[in-house]
Visitor: 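Handing you a structure now.
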Amino acid sequence: MHVVVMGAGVIGTTAAWYLLQNGHQVTVIDRQHASAQETSFANGGQISACHATPWANKGTPGQILKWLGREEAPLLIRMRFDPQLFAWGLRFLANCTDKRAQVNLEKALRVATYSRDCLRALRGQLDLQYDHSERGILHICRDDGEMAAVARATQQMQELGLGRKLVSTQECYEIEPALRQSTAPIVGGSYTPDDESGDARKFTEQLTDHCRAHGADFKFNTTIDRLIHDNGKITAVQTNQGQIKADAFLVCLGSYSPLLVRPLGIDLPIYPCKGYSISIDTTGYDGAPLTALIDDSVKMVYSRLGEQLRVAGTAELDGYNLRMSPRRNQLIVDKALELFPNCGDRSSIAFWSGLRPVTPDSAPILGGTKYGNLFLNTGHGTLGWTMSCGSAKAIADVISNRTPDIPLTGLGIERFKRALL
């Protein structure tokens, strides 16, 4: 078949690769000048399968109330009239129960752990070099309350068969010696040796080259206007460069996916969640970490990407607005330098923001739609890099009428009661 993939981030590009491997002709459309120029450009860099914990749990509403109105809050909601956010928020609250959290955790882990295996296989097959590290991820805690929460999460992951263990303060220092310079208290944490980190943009750029070498056509600087349909099937994509016809169509547009399919009567409960990151040049400095870290007290992650230290975090619900808050930028800088005061050049820090496509249950949307040849691979939230290869391989198998390696139960659009199907 000829398959059109809409979106050339890490989600769309990995899907293009696996579709090519299944024998299809592939065209990829993206409005940017190259692949990985939006949400995949400067994300946190972590393949954190053992930390695929849903946002929605019984403690989340209380945290949100505590953070309301605080510009430096880890999760900030910009209060304004926003029907999309209101509808999404009601669905999110419905998932804030122990029962739903357990179901949603299983779904996220199913995709995340499969995806990590797919990434390793793909890296070996193509010899991809993207500053990846296999040193694991260290989750640090600043107080006893955090440590107790991490202990519960660690036990839960262990019961599900994942390699996660509690570590003491001293063990944190042994895993990452740069923490010895920290001015922040560290009471312990957890460690997942099987998790990884790496530069999603470099990975996507290299995979784009491999896709092209295998015959994929990437149409950059091409804006998608609408999908044309007839008799229950999509017939073409209308772009600013004309129509592109195909046999099947795959939506990998992240936060912008709902805007494309809404005119077709498909309601995707995805909301754009803005995240921030900074990149610090570590050249000539000896205080930057080599191990990827999570600091959940401020919802921040750290990844060493070659000579750069990537620090990403915070969550901001403000529609499709990419404007960065100077105070929130400074918060990330301050917290990074608190942990690693000698990590790099403070005068040339690069700032970035991107929109994560978050679903109410923190699981991606994978599968078909009421249109027989229109498929979805979107809504990965903060775990797009983590879930990219696995969700791509699974949806490529669905499009190819093959049985995916993992069951996609509970991952389709039909799980949302208000979906207009």
Visitor: Check whether any side-chain N or O of Gln32 sits under 3.5 Å from a backbone N or O of Ala34 as a donor-acceptor pair, and report yes or no.
Guide: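 No, because the side chain of Gln32 does not come within donor-acceptor range (under 3.5 Å) of the backbone of Ala34.
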Visitor: Looking at every non-hydrogen atom in both residues, tell me the closest pair between Gly44 and Val301 and how far apart they are.
Guide: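 Nearest pair, atom of Gly44 first, then Val301: CA-CG2, 3.9 Å.
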Visitor: I'd like to know if Glu196 pairs up with Arg123 as an ion pair, taking the criterion as any Lys NZ or Arg NE/NH1/NH2 lying under 4.0 Å from an Asp or Glu carboxylate oxygen.
Guide: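 Looking at Glu196 and Arg123, the cut-off is met.
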Visitor: Given salt bridge (charged side-chain N to carboxylate O under 4.0 Å, His left out), test Arg152 with Asp98 step by step and report yes or no.
Guide: CA-CA 13 Å; Arg152 292 191 294 270; Asp98 285 338; over 6 Å; no
Visitor: What distance separates Thr291 OG1 from Glu174 CD, expressed to the nearest 0.5 Å?
Guide: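 Those atoms lie 12.0 Å apart.
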Visitor: Could you tell me whether the side chain of Leu268 reaches within less than 4.5 Å of the side chain of Ile413, counting heavy atoms only?
Guide: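 Touching, per the 4.5 Å side-chain cut-off.
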Visitor: Restricting to pairs with a member in residues 7-31, which pass salt bridge (charged side-chain N to carboxylate O under 4.0 Å, His left out), not counting sequence neighbours?
Guide: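 Non-adjacent pairs meeting salt bridge (charged side-chain N to carboxylate O under 4.0 Å, His left out): Arg31-Glu38.
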Visitor: Looking at side-chain heavy atoms only, is the closest gap between Leu293 and Leu339 below 4.5 Å?
Guide: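 No, their side chains stay 4.5 Å or more apart.
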Visitor: Give me the atom names and distance for the closest heavy-atom approach of Ala151 to Leu166.
Guide: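 So the minimum-distance heavy-atom pair works out to CA-CD2, 3.7 Å.
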Visitor: Between Thr282 (side chain) and Tyr285 (backbone), is there a donor-acceptor pair under 3.5 Å?
Guide: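 Not at all, since once roles are kept as given, no pair shorter than 3.5 Å links the two residues.
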Visitor: Is it the case that the side chains of Asp361 and Thr359 hold a donor-acceptor pair, with the cut-off being a distance below 3.5 Å and no angle test?
Guide: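 Distance-only check passes for Thr359 and Asp361.
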Visitor: Please tell me if the side chains of Cys118 and Tyr18 come closer than 4.5 Å, counting only heavy atoms from C-beta onward.
Guide: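 Heavy-atom side-chain distance check passes, below 4.5 Å.
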Visitor: Give a yes or no answer on whether the side chain of Ser40 reaches the backbone of Arg201 with a donor-acceptor pair at less than 3.5 Å.
Guide: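 No.
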Visitor: Parallel, tilted or perpendicular for Trp88 and Phe92, by the 30°/60° rule?
Guide: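 Aromatic pair Trp88/Phe92 classed parallel.
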Visitor: Is it the case that the side chain of Arg91 and the backbone of Phe416 share a donor-acceptor pair, with hydrogens and angles ignored and the cut-off at 3.5 Å?
Guide: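 No; judged by distance alone, with no hydrogens or angles, the pair does not exist.
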Visitor: With a 3.5 Å cut-off and no angle check, do the side chains of Gln155 and Glu159 form a donor-acceptor pair?
Guide: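 Short answer, yes.
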Visitor: Search all heavy atoms of Ile186 against all heavy atoms of Thr169 and return the closest pair with its distance.
Guide: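 Minimum heavy-atom separation between Ile186 and Thr169: O-OG1, 2.9 Å.
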Visitor: Is any side-chain heavy atom of Asp296 closer than 4.5 Å to one of Lys299?
Guide: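 Yes, at least one pair of side-chain atoms sits under 4.5 Å.
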Visitor: Are Cys50 and Arg116 close enough that some pair of their side-chain heavy atoms sits under 4.5 Å apart?
Guide: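 A side-chain contact exists here, since the closest heavy-atom pair is under 4.5 Å.
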Visitor: If only atom types and distance count, is the side chain of Arg142 paired as donor or acceptor with the main-chain N or O of Ala184 below 3.5 Å?
Guide: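 It does not hold such a pair.
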Visitor: To the nearest 0.5 Å, how far apart are CG in Leu119 and OG in Ser388?
Guide: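 It comes to 6.5 Å.
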Visitor: Between Ala153 and Arg164, which heavy-atom pair has the shortest distance, and what is it?
Guide: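 That closest heavy-atom pairing would be CB-NH2, 4.0 Å.
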Visitor: Evaluate the side-chain proximity of Leu179 to Pro289: yes if any heavy-atom separation is below 4.5 Å, no if none is.
Guide: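 Answer no - side chains too far apart.
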Visitor: To the nearest 0.5 Å, what is the distance between OG1 (Thr409) and CG (Leu411)?
Guide: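 So the gap between those two atoms works out to 7.5 Å.
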Visitor: Under 3.5 Å, side chain of Arg415 to main-chain N/O of Gly412, donor-acceptor pair present?
Guide: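 At least one qualifying donor-acceptor pair exists.
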Visitor: Is a side-chain donor-acceptor pair under 3.5 Å present for Ser35 with Thr208?
Guide: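 Side-chain D/A pair, Thr208 to Ser35: present.
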Visitor: To the nearest 0.5 Å, what is the distance between CG (Leu76) and SG (Cys273)?
Guide: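 Output value for this atom pair is 10.0 Å.
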Visitor: Kindly compute the distance separating CD (Gln46) from OG1 (Thr382), expressed to the nearest 0.5 Å.
Guide: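 Going from the CD atom of Gln46 to the OG1 atom of Thr382 covers 10.5 Å.
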Visitor: Does the side-chain contact (heavy atoms from CB on, under 4.5 Å) test come out yes or no for Thr154 and His139, once each step is laid out?
Guide: CA-CA 10 Å; Thr154 299; His139 184 156; over 6 Å; no
Visitor: side-chain contact (heavy atoms from CB on, under 4.5 Å) for Ile175 and Arg135? Distances and angles first, verdict last.
Guide: CA-CA 9 Å; Ile175 293 168; Arg135 297 171 63 101; over 6 Å; no
Visitor: Determine, step by step, whether Thr283 and Asp345 satisfy the side-chain contact (heavy atoms from CB on, under 4.5 Å) criterion, reporting the C-alpha distance in whole Å, the side-chain angles of both residues, the deciding distance to 0.1 Å, and the verdict.
Guide: CA-CA 8 Å; Thr283 306; Asp345 184 1; over 6 Å; no
Visitor: Please lay out, stage by stage, how Thr378 and Leu253 fare under the test side-chain contact (heavy atoms from CB on, under 4.5 Å).
Guide: CA-CA 7 Å; Thr378 187; Leu253 294 172; 5.9 Å; no
Visitor: Between Lys335 and Asp295, is the closest basic N to carboxylate O distance under 4.0 Å?
Guide: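 Salt bridge absent between Asp295 and Lys335.
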Visitor: Taking atom CE of Met324 as the centre, does the number of heavy atoms from other residues, nucleotides or ligands within less than 6.0 Å exceed 12?
Guide: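 Enclosed: over 12 neighbouring heavy atoms sit under 6.0 Å from CE of Met324.
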Visitor: Which atoms form the tightest heavy-atom contact between Ala288 and Cys343, and what is the distance?
Guide: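 Taking Ala288 first and Cys343 second, the nearest heavy atoms are CB-O, 3.5 Å.
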Visitor: Calculate, to the nearest 0.5 Å, the distance between atoms CD1 and CD belonging to Ile47 and Glu134 respectively.
Guide: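 Spacing of CD1 (Ile47) from CD (Glu134) equals 11.0 Å.
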Visitor: For residues 308-318, which side-chain donor-acceptor pairs fall under 3.5 Å, sequence neighbours excluded?
Guide:
{"unit_1": "Arg310", "atom_1": "NE", "unit_2": "Ser279", "atom_2": "OG", "d": "2.9"}
{"unit_1": "Arg310", "atom_1": "NH1", "unit_2": "Asn43", "atom_2": "O", "d": "2.8"}
{"unit_1": "Glu316", "atom_1": "OE1", "unit_2": "Tyr276", "atom_2": "OH", "d": "2.8"}
{"unit_1": "Glu316", "atom_1": "OE1", "unit_2": "Arg328", "atom_2": "NE", "d": "3.1"}
{"unit_1": "Glu316", "atom_1": "OE2", "unit_2": "Arg78", "atom_2": "NE", "d": "3.0"}
{"unit_1": "Glu316", "atom_1": "OE2", "unit_2": "Arg78", "atom_2": "NH2", "d": "3.2"}
{"unit_1": "Glu316", "atom_1": "OE2", "unit_2": "Lys274", "atom_2": "NZ", "d": "3.3"}
{"unit_1": "Asp318", "atom_1": "OD1", "unit_2": "Arg80", "atom_2": "NE", "d": "3.4"}
{"unit_1": "Asp318", "atom_1": "OD2", "unit_2": "Asn321", "atom_2": "ND2", "d": "2.9"}

Visitor: Can you find a heavy atom in the side chain of Val237 that is under 4.5 Å from one in the side chain of Thr27?
Guide: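 No; the side chains remain at least 4.5 Å from each other.
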Visitor: Donor-acceptor pair, Thr223 side chain versus Asn240 backbone, under 3.5 Å?
Guide: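 No; zero donor-acceptor contacts below 3.5 Å.
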Visitor: Mind telling me whether His210 and Trp17 have parallel, tilted or perpendicular rings, with 30° and 60° as the class edges?
Guide: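 Correct class here is perpendicular.
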Visitor: Among residues two or more places apart or on two chains, list those pairs meeting ring-ring contact (aromatic ring centres under 6.0 Å, His included) that have a residue in residues 306-346.
Guide: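 As it turns out, the ring-ring contact (aromatic ring centres under 6.0 Å, His included) pairs with a partner in residues 306-346, which skip direct neighbours, are Tyr256-Tyr320, Tyr302-Phe340.
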Visitor: Verify the neighbour count for atom CZ of Arg323: are there more than 12 heavy atoms of other residues, nucleotides or ligands below 6.0 Å?
Guide: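 Incorrect, the count does not exceed 12.
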Visitor: Give the minimum heavy-atom separation between Met387 and Ser115, together with the two atoms involved.
Guide: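 For Met387 versus Ser115, the nearest heavy atoms are C-OG, 3.1 Å.
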Visitor: When you measure from the side chain of Thr13 to the backbone of Val10, do you find a donor-acceptor pair of N or O atoms at a distance under 3.5 Å?
Guide: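 No: the side chain of Thr13 does not pair with the backbone of Val10.
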Visitor: Is there a donor-acceptor contact under 3.5 Å from the side chain of Gln206 to the main chain of Gln129?
Guide: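 Yes, because the side chain of Gln206 sits within donor-acceptor range (under 3.5 Å) of the backbone of Gln129.
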Visitor: Are a donor atom and an acceptor atom from the side chains of Ser400 and His24 found within less than 3.5 Å of each other?
Guide: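 Yes - a donor-acceptor pair under 3.5 Å links their side chains.
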Visitor: Looking only at atom types and distance, does a side-chain atom of Thr222 sit under 3.5 Å from a main-chain N or O of Phe220, one as donor and one as acceptor?
Guide: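 Side chain of Thr222 to backbone of Phe220, a donor-acceptor pair under 3.5 Å: yes, one is there.
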Visitor: So do the side chains of Leu331 and Asp334 get within less than 4.5 Å of each other, counting heavy atoms only?
Guide: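 The answer is no, as the side chains (C-beta and beyond) never meet within the 4.5 Å cut-off.
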Visitor: For the pair Tyr130 and Phe203, name the ring-plane relationship: parallel under 30°, tilted 30 to 60°, perpendicular over 60°.
Guide: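 Rings of Tyr130 and Phe203: perpendicular, as their planes differ by over 60°.
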